[in-house]
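Hydrogens, waters and symmetry mates are skipped; everything else that's a heavy atom, side chains included, is used. Computed from a prediction, not measured in an experiment: that's the story for all the values here.
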Amino acid sequence: MFKKIGILGLGLIGGSLARALQKYNYGATIYGYNRNQQSTKEAFESGAIDVCVTDFKDFSDCDLLVLCCPVNINIRMFKDL
């Protein structure tokens with residue numbers, strides 16, 4: 001069981017994943033990042049994520065990272081991580 005899950009991209013896929021993990025009480029702390037910080041804030045305020053991430057270093061202690069952005073952006077973010 002993962003205790004800390006990082007989700008990069010809080011659109012249709014990432015946002016849905018975060019909400020499902022919360023809805024079914026998975027029990028992990030959900031870290032969320034989106035390029036649009038307003039979307040990250042809204043995800044936090046709605047309870048979809050537990051922690052708003054602004055720096056990729058905040059993902060360093062996550063047990064699982066899920067890249068939920070378009071492929072070309074995922075490749076860039078993966079290199080930055």
Which atom of Phe44 lies closest to which atom of Asp50, heavy atoms considered: CE1-O, 3.1 Å

Hphob cluster co-occupancy, Met77 + Ile49, side-chain heavy atoms under 4.5 angstrom: no

Exam field: side chain Thr40 to backbone Asn34, donor-acceptor pair closer than 3.5 Å: yes

From Arg19 atom CZ to Ile7 atom CD1, the distance as rounded to the nearest 0.5 Å: 10.0 Å

Exceeds 12 heavy-atom contacts within 6.0 angstrom, atom OH of Tyr26: yes

Side chain to side chain contact (heavy atoms under 4.5 Å, CB included) assessment of Lys4 paired with Val51: CA-CA 10 Å; Lys4 294 181 181 179; Val51 179; over 6 Å; no

Cluster overlap Leu8 with Phe2, hydrophobic side-chain contacts below 4.5 Å: no

same_hphob_cluster(Phe56, Ile5) at 4.5 Å side-chain heavy-atom cutoff: no

Co-membership, hydrophobic cluster, residues Ile13 and Ile75, 4.5 Å side-chain: no

Gap separating the CD atom of Gln22 from the CG atom of Leu17, nearest 0.5 angstrom: 10.0 Å

CG/Leu64: more than 12 non-hydrogen atoms of other groups inside 6.0 Å: yes

Distance, nearest 0.5 Å, that separates CG of Asp58 from OH of Tyr33: 11.5 Å

Could you list the donor-acceptor pairs under 3.5 angstrom formed by side chains in residues 65-74, with sequence neighbours left out?
{"from": "Asn74", "atom 1": "OD1", "to": "Cys69", "atom 2": "N", "distance (Å)": "3.1"}
{"from": "Asn74", "atom 1": "ND2", "to": "Cys69", "atom 2": "O", "distance (Å)": "2.8"}

Gap separating the CD atom of Glu45 from the CD atom of Gln38, nearest 0.5 angstrom: 7.0 Å

Taking every non-hydrogen atom, the tightest pair across Ala18 and Ala48: CB-O, 3.4 Å

Tyr24 reachable from Met1 in the ILVMFWY side-chain graph, under 4.5 Å edges: no

Closest non-hydrogen atom pair between Lys3 and Asp63, with its separation: N-OD2, 2.8 Å

